[in-house]
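Here's the structure, in structure tokens; my notes come after.
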Amino acid sequence: NIVADTTGVLLSGGTYSLGGNDTIHRLQMSGGLLTSTNASTLSTSDTSNASADLNGGTVDVNINSAGGVRSASGTTTLNGKVTSASSFVIQGGNVITSGSDNIADTATISMTSGSLTVGGNETIGFFSQSGGSLLGSGKLQATSGFSLTGGTITANLGAGNLSVNTPGATTLNGTADSASVIVWNGSLLLGAAERLNNSANVSVRNSGLLNLQGFNETVGTLTTSNNATISGTGTLTASTYTPNGGTVNANLGTGTPLS
């Protein structure tokens, strides 16, 4: 190793260039360029929460963080890959991935504020969002699903069951390929027409709200129960409708009602 495993690295400007793979204790980055001459990997050995803080700058190397990755401020451009299978927490700031598959396929991303911009198609393990914005021209796929409790999604979502819960409202401006969409509580607002998979099984339960706003939507099946609400001036069309409670204030298209 070039730097001792027990040494932390603080980078706020300039360039830090790796000559090869290296392990350090912690990384705190708020600016500058973290790079290498041969696609090296920088590992952090600290297993405590978020041993790689990315709060600004450009990362060209691969990051393998034993304690996970965190962003709280600044704008960080990720050209390398986060290869660790642990958590990636976005509490603020802006994280930009420059291409496809910049984050480990098994990683868990949790966003409470700030933004994540996916520059290409990305597969991860699990995605949760309670605030902030998911942006970009790429598609984010989460094999273990999406948990949405607030914020705005402008990027497209790939496969993975989609669950909406309290406390907040989530606006879906992008599309979602999810085969299963469950609005348990909280609100899902559609920001344009045909945001959901045409064959999706959509269930609005408890005190959940699905708001079409002024847009038309086609899904596979629709089930409502308890105090669920479907609202908006658009038309929701499903092959079958199963009303087990709730209120429908939107228009329903053709389809078969099931009791």
Side-chain angles (χ1 to χ4, degrees), residues 5 9 11 18 20-29 34-36 38-72 74-112 114-130 132-148 151 153 155-163 174 176-178:
D5 292 3
V9 171
L11 179 62
L18 299 179
N21 295 337
D22 198 12
T23 299
I24 60 175
H25 186 59
R26 293 185 63 88
L27 171 66
Q28 292 180 292
M29 185 173 179
L34 179 57
T35 188
S36 70
N38 53 0
S40 299
T41 296
L42 180 64
S43 300
T44 59
S45 60
D46 187 355
T47 58
S48 65
N49 188 33
S51 55
D53 280 305
L54 305 180
N55 296 316
T58 301
V59 180
D60 288 343
V61 303
N62 300 323
I63 299 291
N64 182 13
S65 176
V69 177
R70 176 175 55 198
S71 170
T75 297
T76 302
T77 300
L78 191 61
N79 297 324
K81 299 181 182 296
V82 174
T83 60
S84 52
S86 56
S87 64
F88 196 138
V89 178
I90 302 174
Q91 299 174 329
N94 308 295
V95 177
I96 302 170
T97 63
S98 62
S100 300
D101 297 321
N102 287 99
I103 301 172
D105 290 355
T106 52
T108 294
I109 295 179
S110 175
M111 179 161 59
T112 60
S115 69
L116 170 64
T117 302
V118 286
N121 294 338
E122 192 72 54
T123 299
I124 61 171
F126 184 75
F127 178 81
S128 67
Q129 181 176 354
S130 60
S133 300
L134 178 62
L135 309 169
S137 58
K139 179 180 289 187
L140 180 66
Q141 176 171 307
T143 55
S144 295
F146 303 90
S147 176
L148 309 177
I153 298 177
N156 296 322
L157 302 181
N161 292 338
L162 191 154
S163 174
D177 293 342
S178 304

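Below, all heavy atoms of this structure are taken into account, side chains as well, without hydrogens, waters or symmetry copies.
Nearest heavy-atom pair, Ala104 versus Ser84, reported as atom, atom and distance to 0.1 Å: CB-O, 3.2 Å. Of all heavy-atom pairs between Ala176 and Leu162, the closest is CB-CD1, 4.1 Å. The two residues Asn38 and Ser40 make their nearest non-hydrogen contact at OD1-OG, 2.5 Å. In terms of heavy-atom proximity, Arg70 sits nearest to Ala50 at CB-CB, 3.5 Å. Nearest heavy-atom pair, Leu157 versus Lys139, reported as atom, atom and distance to 0.1 Å: C-CG, 3.9 Å. Here the shortest heavy-atom pairing between Ser178 and Gly160 reads OG-O, 2.6 Å.
Interatomic distance, Asn102 CG to Ile124 CD1, rounded to the nearest 0.5 Å: 12.5 Å. Atoms CZ and OG, from Phe127 and Ser147 in turn, are 9.5 Å apart once rounded to the nearest 0.5 Å. Here the OG1 atom belonging to Thr58 is positioned 10.0 Å from the CG atom belonging to Leu11, to the nearest 0.5 angstrom. For the atom pair CG (Leu140) and CG (Asp177), the distance works out to 11.0 Å, reported to the nearest 0.5 Å. If you take CD on Gln141 and CG on Asn156, they are separated by 12.5 Å, rounding to the nearest 0.5 Å. How far CG of Leu135 is from CD1 of Ile96: 9.0 Å, rounded to the nearest 0.5 Å.
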Checking side-chain contact (heavy atoms from CB on, under 4.5 Å) for the pair Asp53/Arg26: CA distance, chi angles, key distance, verdict? CA-CA 8 Å; Asp53 280 305; Arg26 293 185 63 88; 3.5 Å; yes

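Looking at Thr47, its side chain never comes within 3.5 Å of a backbone N or O of Ala66 through a donor-acceptor pair. A distance-only check finds no donor-acceptor pair linking the side chain of Thr112 to the backbone of Ser130 [under 3.5 Å]. A side-chain donor-acceptor contact under 3.5 Å links Glu122 to the backbone of Ile103. In this structure, the side chain of Asn55 engages the main chain of Ala72 through a donor-acceptor pair within 3.5 Å.
A side-chain donor from one of Ser65 and Thr44 sits under 3.5 Å from a side-chain acceptor of the other. No hydrogens or angles considered: a donor-acceptor pair under 3.5 Å links the side chains of Asn79 and Ser98.
Leu34 places a side-chain heavy atom less than 4.5 Å from the side chain of Ile63. Here the side chains of Phe88 and Val95 are in contact, with some heavy-atom distance below 4.5 Å. For the pair Thr76/Met29, no side-chain contact is recorded, criterion being any heavy-atom separation below 4.5 Å from C-beta on. Contact of the Lys81 side chain with the Thr41 side chain is not registered, since no non-hydrogen atoms from C-beta on lie closer than 4.5 Å. Residues Asn64 and Asn62 have side chains not in contact (no heavy-atom distance under 4.5 Å, counting atoms from C-beta outward).
The residue from Thr75, Thr117, Thr77 that alone fulfils the side-chain hydrogen bond (donor to acceptor under 3.5 Å, both in side chains) condition with Asn94 is Thr75.
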